[in-house]
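A quick write-up on the structure given underneath.
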Amino acid sequence: MSATVIDGKAFAAKVRGQVAEHVTRLKDKHEITPGLAVVLVGEDPASQVYVRSKGKMTVEVGMKSVEHKLDADTSEADLLAVIDKLNNDASIHGILVQLPLPGHLNEDLVINSIDPAKDVDGFHISNVGLLGTGQKSMVPCTPLGCLMMLRDHHGSLSGMDAVVIGRSNIVGKPMAQLLLGDSCTVTIAHSRTKDLPEVVKRADIVVAAVGRPEMVPGDWIKPGATVIDVGINRLDAPEKGEGKTRLVGDVEYDSCAAVAGAISPVPGGVGPMTIACLLANTLTACCRANGLEEPAGLTA
Ligand code: NDP
């Protein structure tokens, strides 16, 4: 068997296209432009790349993009003042504080100071609680992207056995909640799980969010299962030249693709969906703020 490749790059382009169409309609019919503000503290090179690419794609779908770049030694009070200003800015519908923050800043405090209605990362404690109780919330972008890919591939997920490997607050736990919301039977595995291969082997859906390069081999996968690889791991690639690296996921792609029914690659799988879902969340937040109908298919 050779798995169907779930092309996250193409799917993300389609989602961004749908967002752009909605934005055009909002502008034409209601004279509203959705606005996304990204706050970056410090000069972490990877965060700078993410923020640049988020800003570029925000503009490409017709939204307003605002960036606040603050010095690495910015005080908590000054950061909270920036967030407070954005909370009260009616032209801003989504606020994202790029993580990780420098060590002297309390991440929980900062995230929970964002207006939950503008919390497009879905990390505010109110949104976590709303998702956990099956209520309308802002949903974290990476798990939302995985859910969209799974729904697109399968239609209904009802009754399927899903195993999520990883229990982080940003990926594993919200992913499990979303799958439960779609009526999967969900197991959350983690570093203390006993006999992980057997646990994974009973899954119709495997979502790997571990952060360990190529940890899941093909012989853990039930024939025909769907494998979603969230992992982003950079490995040295001397074969490509000195100092070069390559990206791999948390699953061993070739051996898993030989057994699975469908698989998302790395790169080109979940990664592009994350930014597409950030834009979808900003659109959703804008529609909610203005009492307008939410775009179908772009939320959980
Ligand atoms: P965390 O480090 O926060 O969580 C990793 C989880 O994996 C933990 O729950 C940990 O268990 C579990 N784990 C670690 N080792 C094992 C093991 N040997 N067996 C089973 N479980 C194990 O990572 P994140 O959730 O933040 O990210 C996971 C991966 O996803 C990373 O590669 C990250 O780069 C990627 N990522 C990709 C995104 C994208 O846009 N595509 C976005 C966000 C993350 P325990 O709790 O017991 O320690």
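Start at 1 with the first residue, then count along the sequence. The shown structure was predicted, so the numbers you read here are calculated from the model rather than taken from an experiment. Counting convention: from 1, in listed order, for ligands and their atoms alike.
For atom 4 (O) of ligand 1, the closest heavy atom belonging to the protein is S168 CB, 3.8 Å. Protein heavy atom at the shortest distance from atom 13 (N) of ligand 1 is V210 CG1, 3.4 Å. From the protein, the heavy atom lying nearest to atom 21 (N) of ligand 1 is H190 C, 3.2 Å. Nearest protein heavy-atom neighbour of atom 47 (O) of ligand 1: S191 OG, 2.5 Å. Atom 31 (C) of ligand 1 has as its closest protein heavy atom G211 CA, 3.5 Å. Closest to atom 46 (O) of ligand 1, if we only count protein heavy atoms, is R167 NE, 2.7 Å. Among all protein heavy atoms, the one lying closest to atom 34 (O) of ligand 1 is I232 O, 3.5 Å. The protein non-hydrogen atom at the shortest distance from atom 35 (C) of ligand 1 is V230 O, 3.5 Å.
Here the options are E67, H68, K54, the test is side chain to side chain donor-acceptor pair (under 3.5 Å), and the partner is Q98; only K54 passes. With V41 as reference, L79 is the one residue of L99, L79, D78 to meet the side-chain contact (heavy atoms from CB on, under 4.5 Å) rule.
Between G271 and ligand 1 there is a heavy-atom distance shorter than 4.0 Å.
Considering backbone and side-chain atoms alike, T274 places an N or O below 3.5 Å from some N or O of ligand 1. For a threshold of 3.5 Å applied to N or O pairs, the pair formed by I170 and ligand 1 contains no separation below that value.
V110 and V38 fall into different hydrophobic clusters, where Ile, Leu, Val, Met, Phe, Trp and Tyr residues are linked whenever their side-chain heavy atoms come under 4.5 Å apart, directly or through other members. Criterion: ILVMFWY side-chain heavy atoms under 4.5 Å apart, direct or through other members. Under it, L144 and I170 are part of a common hydrophobic cluster.
Here the CG atom belonging to L178 is positioned 10.0 Å from the CE atom belonging to M148, to the nearest 0.5 angstrom. One finds the CD1 atom of I114 at 10.0 Å from the CG atom of L80 (value rounded to the nearest 0.5 Å). Taking CG of D229 as the reference point, atom CE of M215 lies at 10.5 Å (rounded to 0.5 Å). Distance OG1/T142 to CD1/I232: 7.5 Å, rounded to 0.5 Å.
Compare V248, L99, T142 by their heavy atoms: the one nearest to atom 38 (C) of ligand 1 is in T142.
Nearest heavy-atom pair, M138 versus N127, reported as atom, atom and distance to 0.1 Å: N-OD1, 3.1 Å.
Residue contacts with ligand 1 for M273 are absent, since no atom lies close enough (heavy atoms, distance under 4.0 Å).
Counting atoms of ligand 1 from 1 in the listed order, those under 4.0 Å from a heavy atom of V171 are 25 (O), 43 (C), 44 (C).
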